[in-house]
Structures are given as C-alpha cells and as structure tokens.
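What follows is a single structure, written as structure tokens, with notes after it.
Index from 1, following the sequence.
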Amino acid sequence: MALKVPALPFTFVVHTLGIVALVLVLVWNIHFRGGLAWEATNKNLIFNLHPVLMLLGLIFLGGEAIISYKALPFRKEVKKVIHLVLHALALGLGIIGIYLAFKNHNESGIANLYSLHSWIGIGVICLYGIQWIYGFVTFFYPGGSPALRSESIPWHVAFGITVYLLAVGNASLGFLEKLTFLENSGIDKFGTEAFLVNFTAIITVLFGVFVILSVLSEAPPSVEDDNSYSAI
C-alpha cells in the first residue's frame, strides 16, 4: 500500500544523500587510507576499492534503480530499461568489489570468508544476481505471459526490497568491521577518521531508508498516465 504522499521529495533526498555518501567514502579511502589501486605493493590500496565500488554499485546505483519508477516521469518501457541497466551496473560493480576483497586477502595472506560481513556479502550478491536474471527473463526478454508478470510483480518488489535492505545492512557491518580493525591497529577511536567512517555509515543507512520511503510513496504520472506497474 502506497503512502499518501508524493515520491518526488523523497527521491531528491535520496540523490543528495547518495552523493554525500560517495564523497565521504572517497575522502576516507583516498585521503585517510592512501588511495585506490588495482595493482600495488601496498595491498591495502587494492582493498580500498572494495568499499568504494560496493557503495557506488549495490547501494547507490541499486537504490537509484529501485526509485527509477518513482523518480522518472517517462513511459513505462523506458523506465523498465533504465531500471534494468542501473541494476546491471550495480551488480557488475558489486562483483568487481567482492573480487577485489578476495584479491587483497589472497595477495596479503589473509583468510577469506571468516566474518559475518563476508558471508552475508556473498549471499547478497548471489540473490541480487538471481533477482536481476529473473527480472530480465520475466519482464524484459523473452518476457513471461501477462499472467506470470502480474503474479510476479509483488514478489519481485518484495524480494528486491529485501535484498536491498540486506545490502545496506551489510554495508554497515563492513564499515564497523573495517573501523574495528583500524582502531585495533592504533587509530584514535575518537579521531577524525573514526568519526568520518561512522558518519558515512549513518548516511548510507539514511540513504537506504529514503529509498524505501520513495518506493512506498506515490509515483508521479508517467507519460501515458499509467500507474498500473509498480515494480521496483
């Protein structure tokens, strides 16, 4: 059931929070953590790409893909393509981000998949992939029957929101895990970097909250004034 408020104000907040989160995570990893690199003697620079790509992909682009039906006053078919492409980019960046975490661990002699964050992360990327493939096959190409599409929409929405909430929650776990490691290695628990990481995590959570509020609110009329399709 939609909230009896327009989605547009919520989507403006989403865009603003997303940009702030991306700026903060870049400042953290470039200014405080030394930069970003695909190959480097300092393996930490490889890992630094992980939070940047995960935030840009699954959280930011994934959120933008979810609200595309509520933020864009285009024809349904156009919004469907935008939704599909944004989710594909999010999934691709997420896969690369996870690969870089493994790459950093393998080249640094660190064990893989030992934390709750990593376990949930693997689950999220798998579920995200399943959701995208099912959406592509059912709603885009080759496309299911009208009855199948109609029956699938509520499940597609519910599953998509669930996976997205898991991604946002796991991002918070990732910030906590990394900050705990840094504090154990000597950074000031009340210093600028610790404050920045916690603030970035809070902005990320707020971003996710406003994405969900956007989904639950009323969409603007599309070009053909068809509001019958409400899938994320």
Side-chain angles (χ1 to χ4, degrees), residues 1-33 48-72 82-83 86-87 89-91 93-94 97-98 116-117 120-121 123-125 127-128 131 157-180 182-183 189-220 230-232:
M1 182 180 295
L3 300 174
K4 299 303 180 181
V5 291
L8 200 58
F10 290 134
T11 62
F12 286 149
V13 177
V14 168
H15 302 325
T16 302
L17 290 173
I19 292 171
V20 171
L22 288 173
V23 170
L24 291 177
V25 80
L26 285 171
V27 170
W28 174 36
N29 286 283
I30 294 174
H31 178 69
F32 288 96
R33 293 291 95 211
N48 291 347
L49 279 168
H50 172 72
V52 172
L53 293 182
M54 300 309 288
L55 186 64
L56 174 60
L58 294 188
I59 306 302
F60 180 73
L61 291 180
E64 292 289 341
I66 287 173
I67 69 170
S68 61
Y69 275 98
K70 298 298 180 77
L72 302 174
I82 293 172
H83 178 77
L86 286 176
H87 271 313
L89 292 172
L91 179 61
L93 290 174
I98 290 176
L116 179 61
H117 171 67
I120 295 177
V124 166
I125 203 70
L127 293 175
Y128 207 108
Q131 169 82 341
V157 173
F159 192 78
I161 291 175
T162 301
V163 174
Y164 187 72
L165 289 175
L166 285 173
V168 172
N170 201 43
S172 299
L173 277 179
F175 284 121
L176 173 63
E177 182 180 296
K178 182 63 176 180
L179 182 57
T180 301
L182 293 174
E183 290 175 345
K189 291 181 173 60
F190 299 97
T192 303
E193 183 175 359
F195 177 83
L196 176 66
V197 174
N198 283 329
F199 191 69
T200 305
I202 290 172
I203 294 296
T204 301
V205 171
L206 288 175
F207 178 84
V209 168
F210 276 92
V211 166
I212 301 305
L213 288 174
S214 299
V215 171
L216 296 176
S217 57
E218 294 183 333
S230 60
I232 59 173

Mind telling me whether [Y] and [X] have parallel, tilted or perpendicular rings, with 30° and 60° as the class edges?
X	Y	value
Phe10	Phe210	tilted
Phe199	Phe195	parallel
Trp28	Phe175	tilted

Closest approach of [X] and [Y], non-hydrogen atoms and distance?
X	Y	value
Thr204	Ala21	OG1-CB, 4.3 Å
Thr180	Leu176	OG1-O, 2.7 Å
Val215	Ile66	CG2-CG2, 3.2 Å
Leu17	Phe207	CD1-N, 3.8 Å
Glu183	Ala194	OE2-CB, 4.0 Å
Ser172	Ala201	OG-O, 4.5 Å

Using atom types as modelled and distance alone, determine if a side-chain donor or acceptor of [X] lies under 3.5 Å from a backbone N or O of [Y].
X	Y	result
Tyr164	Ile59	yes
Asn48	Arg33	yes
Lys70	Thr11	no
Asn170	Leu166	no

State the [atom1]-[atom2] distance between [X] and [Y], to the nearest 0.5 angstrom.
X	Y	atom1	atom2	value
Leu182	Glu177	CG	CD	10.5 Å
Phe159	Leu127	CZ	CG	4.5 Å
Leu91	Gln131	CG	CD	11.0 Å
Leu61	Leu53	CG	CG	10.5 Å
Leu93	Met54	CG	CE	9.0 Å
Leu196	Ile203	CG	CD1	10.5 Å

Checking Glu64 against Ile82 for the side-chain contact (heavy atoms from CB on, under 4.5 Å) test, could you report, in this order, the C-alpha distance in whole Å, the side-chain angles of both residues, the deciding distance, and whether it holds?
CA-CA 10 Å; Glu64 292 289 341; Ile82 293 172; over 6 Å; no
The residue among Thr200, Leu56, Val25 that forms side-chain contact (heavy atoms from CB on, under 4.5 Å) with Pro51 is Val25
Take Ile125 and Leu58, measure what side-chain contact (heavy atoms from CB on, under 4.5 Å) needs, and give me the verdict at the end.
CA-CA 9 Å; Ile125 203 70; Leu58 294 188; 4.1 Å; yes
side-chain contact (heavy atoms from CB on, under 4.5 Å) between His15 and Ile67: does it pass, once the steps are laid out?
CA-CA 10 Å; His15 302 325; Ile67 69 170; 3.7 Å; yes
